[in-house]
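None of these values were measured; they are calculated from a predicted model. Because only heavy atoms are used, hydrogens play no part in the values below, and waters and symmetry mates are left out as well, while side chains stay in.
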Amino acid sequence: MLITFSNSVGIRTGLGDDMLRVGPVKIVADGSFIGRSAAMHACFHGEADNFGVLLHEPEQLRDYIIGAHSAGWTVATHAIGDRAITHVLDAVEEAQRVSPRPDVRHRIEHFALASDADIAPAARLGVIPVPQGVFVSDFGDGMAAAVTEDRRDDIYRVKSLADAGIVLNGSTDSPVSDANPLVSLRDMVPRRTRSGAVLGERERISVDEAVRAYTYGSAYAVGQESSKGMLRAGMLADFITLSDDLYEIEPARIAEQEVTATVVGGVVEFGDVG
């Protein structure tokens, strides 16, 4: 049965103002990487019978996404394993066929294990993967151990997303991990796990690319790049200042920076920008 979302009262993604807006419908499609419950096409390493868990049958997931999409909502679906990602992308494609909305930016929260075959349809459909850089240092060793060696470079990809034409964004997934965006921004550059290993060397990005992800990219992910994400005339004057220039220090020191001022709407709410 198709799940319907009422749009008669006009409540949908984007309702609100510059201080508070209604976000997307959140759907959880599978479990976790570390808990080895993410829905995978291949079994977890060393567990021949464990392919993870889909929390909704594909048909039910499709109905949820189509229903929200058709009612004018943006959908943000938690999908970590590649099998869950496949079903979400299939559902989004069907939703666009049933009710075309070329301007919508549905998201996949995490997009944790993704091959090139997953990235290509995401780019084609305009789906925004939302990776968490901090997961590389927090959980990278455990995630690498959960898959065979040939899949480790497919964990929390970022450079490959950009190369496919997807606008990178930044996320911390707080309170699961540190809410400080500078930690996650740092981890997108060297991609070092807690043990010091590099997880997916080909997915490293520059400091400039990481900063852009956490500014313009995050604004783009929620459809607000015309008013935030850059310092330009006519845009919201919301920004912070830091103790050091991120472009002048070693990437490993990025997370050590202190916020010296916070400006909201052009008004200094904390510290001193003088």
Side-chain angles (χ1 to χ4, degrees), residues 24 27-30 32-33 38-42 44 51-52 54 58 61-62 65 69 74-97 101-136 139-140 143-144 146-171 173 184-185 187-189 191 198-206 209-210 212-214 216-218 220-223 225:
I27 299 172
V28 180
D30 66 347
S32 75
F33 216 139
M40 311 287 251
H41 284 302
F44 282 93
F51 293 84
L54 279 174
L61 179 65
R62 180 200 63 201
I65 291 175
H69 170 92
T74 298
V75 181
T77 309
H78 164 117
I80 287 181
D82 53 359
R83 182 159 59 108
I85 290 170
T86 294
H87 291 311
V88 173
L89 291 172
D90 287 347
V92 171
E93 184 158 31
E94 178 65 9
Q96 289 286 21
R97 187 192 68 80
R101 288 176 60 201
D103 59 330
V104 70
R105 292 173 190 165
H106 295 310
R107 306 203 310 254
I108 294 182
E109 309 299 302
H110 306 301
F111 205 77
L113 187 72
S115 68
D116 291 347
D118 301 309
I119 293 174
R124 174 173 54 82
L125 292 166
V127 171
I128 308 294
V130 181
Q132 289 73 38
V134 65
F135 282 9
V136 173
F139 311 123
M143 293 190 296
V147 297
T148 54
E149 187 173 355
D150 63 310
R151 293 305 310 274
R152 290 172 186 170
D153 285 347
D154 290 341
I155 296 173
Y156 278 99
R157 302 173 73 176
V158 288
K159 180 64 173 175
S160 295
L161 301 181
D163 289 345
I166 295 170
V167 177
L168 289 181
N169 60 85
S171 166
D173 204 46
S184 200
L185 191 156
D187 287 346
M188 295 171 81
V189 180
R191 293 184 62 90
V198 175
L199 184 64
E201 184 171 6
R202 71 185 184 191
E203 298 301 326
R204 284 173 162 171
I205 59 175
S206 68
E209 289 171 314
R212 180 173 170 81
Y214 259 93
Y216 175 81
S218 292
Y220 181 91
V222 295
E225 73 276 13

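For the atom pair Leu54 CG and Met40 CE, the distance stands at 12.0 Å (nearest 0.5 Å). To the nearest 0.5 Å, atoms CZ (Arg152) and CG (Asp150) are separated by 9.0 Å. Rounded to the nearest 0.5 Å, atoms CD1 (Ile85) and CD1 (Ile80) are 9.0 Å apart. If you take OG on Ser115 and NE2 on His41, they are separated by 7.5 Å, rounding to the nearest 0.5 Å. Interatomic distance, His78 NE2 to Ile27 CD1, rounded to the nearest 0.5 Å: 12.0 Å. Atoms CD1 and CD, on Ile65 and Glu94 in that order, are 11.0 Å from each other to the nearest 0.5 Å.
Ser218 has its side chain within reach of Asn169: a pair of non-hydrogen atoms, C-beta onward, lies under 4.5 Å apart. Under the 4.5 Å side-chain criterion, counting only non-hydrogen atoms from C-beta, Glu201 is not in contact with Arg191. The shortest distance between side-chain heavy atoms of Leu89 and Ile108 falls below 4.5 Å. You'll find the side chain of Asp30 stays beyond 4.5 Å of the side chain of His87, heavy atoms only. Looking only at side-chain heavy atoms (C-beta outward), Pro24 and Arg107 come within less than 4.5 Å of each other. Two residues are said to be in side-chain contact when any heavy atoms from C-beta on lie closer than 4.5 Å; Pro129 and Ile166 meet this criterion. Annotation: side chain of Met143 is in contact with side chain of Tyr156 (closest heavy-atom distance under 4.5 Å). Contact annotation: the side chain of Lys159 approaches that of Glu209 to within less than 4.5 Å [non-hydrogen atoms, C-beta and beyond].
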Using the rule given for side chain to side chain contact (heavy atoms under 4.5 Å, CB included), can you reason through Val127 versus Phe111, listing the C-alpha separation, both sets of side-chain angles and the distance that settles it, and then say yes or no?
CA-CA 11 Å; Val127 171; Phe111 205 77; 5.9 Å; no
Side chain to side chain donor-acceptor pair (under 3.5 Å) assessment of Gln132 paired with Ser184
CA-CA 7 Å; Gln132 289 73 38; Ser184 200; over 6 Å; no
Give the C-alpha distance, both sets of side-chain angles, the deciding distance and a yes or no for side chain to side chain contact (heavy atoms under 4.5 Å, CB included) between His106 and Leu125.
CA-CA 9 Å; His106 295 310; Leu125 292 166; over 6 Å; no
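In terms of heavy-atom proximity, Asp173 sits nearest to Phe135 at OD2-CZ, 3.4 Å. When all heavy atoms of Ile119 and Ala164 are compared, the closest pair comes out as CG2-CB, 3.6 Å. Shortest non-hydrogen contact noted between Arg101 and His69 is NH1-O, 2.8 Å. Here the shortest heavy-atom pairing between Leu113 and Asp82 reads O-CB, 3.3 Å. Residue Phe33 comes nearest to Ala112 through the heavy atom pair CD1-CB, 3.9 Å, listed as atom of the first residue, atom of the second, then distance. Shown here for Tyr214 and Leu185, the closest heavy-atom pair between the two residues is CE1-N, 3.9 Å.
Judged purely by atom type and a 3.5 angstrom limit, Arg157 uses its side chain to pair as donor or acceptor with the backbone of Ala114.
The residues Arg202 and Asp154 are annotated as salt-bridged, a charged nitrogen and a carboxylate oxygen being separated by less than 4.0 angstrom.
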